[in-house]
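Reminder, nothing fancy here: chain letters follow the sequence lines and each chain counts from 1.
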Amino acid sequence: MKLSFIAKTIGVHYEGEEVEIEGIHTLDEATSSQMSFLDNVKYTNSLEKTQAKVVLCNAAAAVYVPKTCIALIDEEPYLKLALASKLFASEVIELEGDEPIVAEGSFVSNKAFVGKGAMIGKNVKILPGAFIGCKAKIGDNTVIHANVTIYRDCEVGQDCIIHSGTTVGSDGFGFAHTKMGEHVKIYQNGNVVIQDDVEIGANCAIDRAVFGTTLIRKGCKIDNLVQFGHNVDIGEYSILVAQCGIAGSTTLGRNVVMGGQSATAGHLNIAPFAQFAARSGIISDIKDGSKVYGGFPLMEQRTWLKLQAKLARLLKPKKT
Amino acid sequence: MKLSFIAKTIGVHYEGEEVEIEGIHTLDEATSSQMSFLDNVKYTNSLEKTQAKVVLCNAAAAVYVPKTCIALIDEEPYLKLALASKLFASEVIELEGDEPIVAEGSFVSNKAFVGKGAMIGKNVKILPGAFIGCKAKIGDNTVIHANVTIYRDCEVGQDCIIHSGTTVGSDGFGFAHTKMGEHVKIYQNGNVVIQDDVEIGANCAIDRAVFGTTLIRKGCKIDNLVQFGHNVDIGEYSILVAQCGIAGSTTLGRNVVMGGQSATAGHLNIAPFAQFAARSGIISDIKDGSKVYGGFPLMEQRTWLKLQAKLARLLKPKKT
Amino acid sequence: MKLSFIAKTIGVHYEGEEVEIEGIHTLDEATSSQMSFLDNVKYTNSLEKTQAKVVLCNAAAAVYVPKTCIALIDEEPYLKLALASKLFASEVIELEGDEPIVAEGSFVSNKAFVGKGAMIGKNVKILPGAFIGCKAKIGDNTVIHANVTIYRDCEVGQDCIIHSGTTVGSDGFGFAHTKMGEHVKIYQNGNVVIQDDVEIGANCAIDRAVFGTTLIRKGCKIDNLVQFGHNVDIGEYSILVAQCGIAGSTTLGRNVVMGGQSATAGHLNIAPFAQFAARSGIISDIKDGSKVYGGFPLMEQRTWLKLQAKLARLLKPKKT
């Protein structure tokens, strides 16, 4: 897509060199054919090193844009990013294109839907009411239960089980905001990749990435009604018990265990092997993975237990 | 429906004037062709002003019934209301009736279902496995993703996106109780209206109103796995993060923000622009919308943070 | 299935008597044609009294195995149990077998799926997108809304309503763990039974039992987005408000009420008529069903309210 067209569509003045833009990504990940953006001065460091061809930013930030990169200057760069994201959004469903490929030994119910360009491995079972979006991939031996939805471009590995009602690849929750308090959608043009040997319970929601990939790594076991924000990265063999929630861009190391109804804030790093009791509320990075945590705000679980016991004693009349 | 028939069916003695009753509503909202009820003396004021043709109430309350209104007297009026509500319930699906109307430019998958009398606007996309109930309306440019369920009589505005697995218009959670501890369903004969420009994430549940309408107003953005009780009214441009829950009959002003896993009690009024941190537990009205709240029970978020810090220090040995 | 075949498949040395094994169950419930296991010394008592034909256990426990029972000895009996469970797992869908039976007066949408051997009672409504698995049973007058999933072998009683997006009979969350931190699925070969007069809201998840039955008893009313672990037993006329969670193997007595977002730990017994405020966190048995509880950790609700009021006062400057 021509940069002049993008600029015109999103309402940014641009009269410089014409270049071709193939997509949008973060400053760190953008390639030299992509556009990026800076909305927060704390990422100025990333701006200075970006490979992006074009960066949306305000005038103050423009001085940090590398020489190889074109600055597209606007005082509301995040809002303009939102407008630009729509230009790169795929159709929710494609009616033309290659028929899906289904390998030998697989069962696809005639009451399921498999979109154009999808690839279904060997010995897969796709039950009635399941939806496999365009260009999605399902690995060998995987079972997709009834009424599961796998959005377009998402991938499920081998030997996985996805239980009914689960949604894989719905849009992440990302919006820019106007001064009038309206919300402008940032189109979520990434996908979800679920690696091999993962089991996901019923009625979970796994959002697709805004850019790049939301990742559930090998061997994870997920219970029912669990929420995954966009761009999370769940480490191998992690266990997430029912109704817990992982907010956007949080990374779990391998073999993390999260109890029921526990949750994390966004953009956190959780050390491998860390364990969290039910209802833990994780609001900052966890660097020590050797402990069991609990409470909200989070502390060591044994500390939380002691604290609760102490609090309960506050009501007892003082001995005199 | 004739009042004598209603009375006989629900087991209330009635020998007065025969009148025709078209439905049931609250004391405040009932028209002169509807029936209402009083179950709680705190609504006696509403009783005195009601326009209802008939009111179910006990003998003590009957003296407050206006002269234009017939008192249907029973010592368990709420239980009788439940029985009466069934008489006005619609069929869950109609097999006869007008074919749905689908305007130009719309795509309706042949693996979706669109009920009798439904109206689908222009450039709408209805993906496989979606269910659009009888007489439901979907506005122009709206996307209904795979395996979404829109119950009968519900309305979705223009430019909306409803993600997979979400249920719009399931029955509100309302029951009368017998003395033996059994629960008698109050049929939920209202609907849900979602206004323009609303995005709703995956696997949310939005209950239809018992009477009237559950309302999600213009420009709201709802994350995944969010719960809406019957008769809630969510103000314009509000943002509800994943796994939060709004209990029945609660009203949010415009631009309210609720963090993940936060929740409200029922029948509350939340001021416009109020913000709630993750896991807030809101148990009374919020009149000041200029603050950020948190905790359970709720307080200002900065107070909650201070309090938690103070509590954590309780475990530290005292300096001597 | 021959015991020698099971032993060989799961990698346990066995050269004793050949016997035929028909299934797996707990020590207390196994019949003389089933296999069982002991993984925790606290169940040694059950081991001594088991009727099981075969027990998987370690060498130390083997001395407690009754004379009528064969000990299959391995140092990781729970892991071997997991491997054995797969041998007894049913196909997720059967393509051959008896056509389902649908009794008179019932409506089954041609966009629903009803599996082989299923039995649908009289005057049932099964809406588009619903999935009724093989050999499942649906009682008279029951309504299965759009996009509900009832897994194979599960049973729903008479006069029930199951709202859209709800999953009944997905696999319970049970895994054995290898020393390398991998998780090995314990196949969930039980089912779910929902008795008469039960209403279940939208987008709930009810897991099938690992052995035996997950049970929702007569007259229960369940709100939206509620989670039921495997083998729970929910007492008659219990009320569970939105987003609450009942962990595996917990038993509720009759007429228990659980507020929104409340939850229990697993393997608990909750006395009949006990009431729990919203967000209660129940972590031990409740023996007194006459009270209202709240908080996490749980206490009497009125105590919790007092405690919270006292804590809030901690921030106030002390009077001098």
Side-chain angles (χ1 to χ4, degrees), chain A residues 107 109-112 125-130 143-149 159 161 163-166 197-205 218-226 236-243 254-255 259-261 272-273 277-279 295-296 304-305 308-309 311-312 314-315, chain C residues 91-93 95 111-115 128-133 147-151 165-173 175 177 180-183 185 203-207 225-229 243-248 261 263-266 279 281 283 295-297 299 303 306-307 310-311 314:
Chain A
F107 165 74
S109 165
N110 60 11
K111 286 183 171 164
K125 289 188 175 67
I126 296 180
L127 270 65
V143 177
I144 306 291
H145 276 280
N147 292 323
V148 163
T149 303
D159 302 302
I161 302 172
H163 284 284
S164 293
T166 281
D197 243 321
V198 169
E199 181 164 352
I200 296 176
N203 294 12
C204 292
K218 186 179 173 182
C220 283
K221 305 298 175 186
I222 314 295
D223 204 347
N224 303 327
L225 291 161
V226 175
E236 292 185 5
Y237 305 108
S238 289
I239 289 185
L240 278 66
V241 178
Q243 297 178 313
R254 67 166 290 180
N255 280 91
Q261 298 189 341
F273 299 99
R279 284 221 187 129
F296 176 55
W304 183 79
L305 289 169
Q308 297 305 320
L311 295 182
L314 287 180
L315 286 184
Chain C
E91 288 293 319
V92 295
I93 190 165
L95 304 178
K111 285 181 172 166
F113 173 88
V114 180
F131 172 92
I132 312 294
N147 292 323
V148 164
T149 303
I150 312 284
Y151 277 56
T166 282
T167 297
V168 175
S170 45
D171 286 346
F173 199 61
F175 301 91
H177 312 285
M180 297 305 293
E182 298 156 332
H183 316 300
K185 182 177 179 69
N203 293 14
C204 292
I206 306 175
D207 280 348
L225 291 161
V226 175
Q227 148 72 7
F228 296 87
Q243 295 178 316
C244 74
I246 312 296
Q261 296 189 344
T264 76
R279 277 215 194 136
I283 54 179
F296 176 54
M299 53 191 82
T303 307
K306 272 186 215 165
L307 177 58
K310 183 157 190 141
L311 295 182
L314 286 180

**Message:** If you apply the rule side chain to side chain contact (heavy atoms under 4.5 Å, CB included), what do you find for A:Gln261 with C:Gln243, and how did you get there?
**Reply:** CA-CA 10 Å; A:Gln261 298 189 341; C:Gln243 295 178 316; 6.0 Å; no
Which answer fits [X], side chain, backbone, both or neither, if we ask what part of it has an atom under 4.5 Å from a heavy atom of chain A?
X	value
C:Ala265	neither
C:Ile283	neither
C:Val168	neither
C:Tyr151	side chain
C:Ile93	side chain

Is chain C contacted by the side chain of [X], its backbone, both, or neither, given a heavy-atom distance below 4.5 Å?
X	answer
A:Ala146	both
A:Leu127	side chain
A:Asn255	side chain
A:Leu314	both
A:Glu199	side chain

Straight-line distance of [X] [atom1] to [Y] [atom2], nearest 0.5 Å:
X	Y	atom1	atom2	result
A:His163	C:Thr149	NE2	OG1	11.5 Å
A:Leu240	C:Phe173	CG	CZ	7.5 Å
C:His183	A:Asp197	NE2	CG	10.0 Å
A:Ile200	C:Ser170	CD1	OG	13.0 Å
A:Ile161	C:Asp171	CD1	CG	6.0 Å
A:Trp304	C:Phe296	CH2	CZ	4.0 Å

Give a yes or no answer on whether the side chain of [X] reaches the backbone of [Y] with a donor-acceptor pair at less than 3.5 Å.
X	Y	value
A:Asn147	C:Gly165	no
A:Asn203	C:Asn203	yes
C:Thr167	A:Ser164	yes
A:Lys111	C:Ala112	yes

**Item:** Residue pair A:Ile239 / C:His177, side-chain heavy-atom distance below 4.5 Å
**Value:** yes
**Prompt:** Can you tell if the side chain of C:Lys185 reaches within under 4.5 Å of the side chain of A:Lys221, non-hydrogen atoms only?
**Reply:** no
**Asked** When heavy-atom pairs shorter than 4.5 Å are enumerated against chain C, which of A:Gln308, A:Lys125, A:His145 gives the highest number?
**Response** A:His145
**By ring pair (Phe, Tyr, Trp, His ring centres under 6.0 Å) - contacts of A:Phe273 (at least two apart)** = none
**For A:Pro128 against C:Phe131, the heavy-atom pair lying closest together** = CD-CE1, 3.6 Å
**Prompt:** Top residue by heavy-atom pair count (under 4.5 Å) with chain A, among C:Pro297, C:Gly133, C:Gly295?
**Reply:** C:Pro297
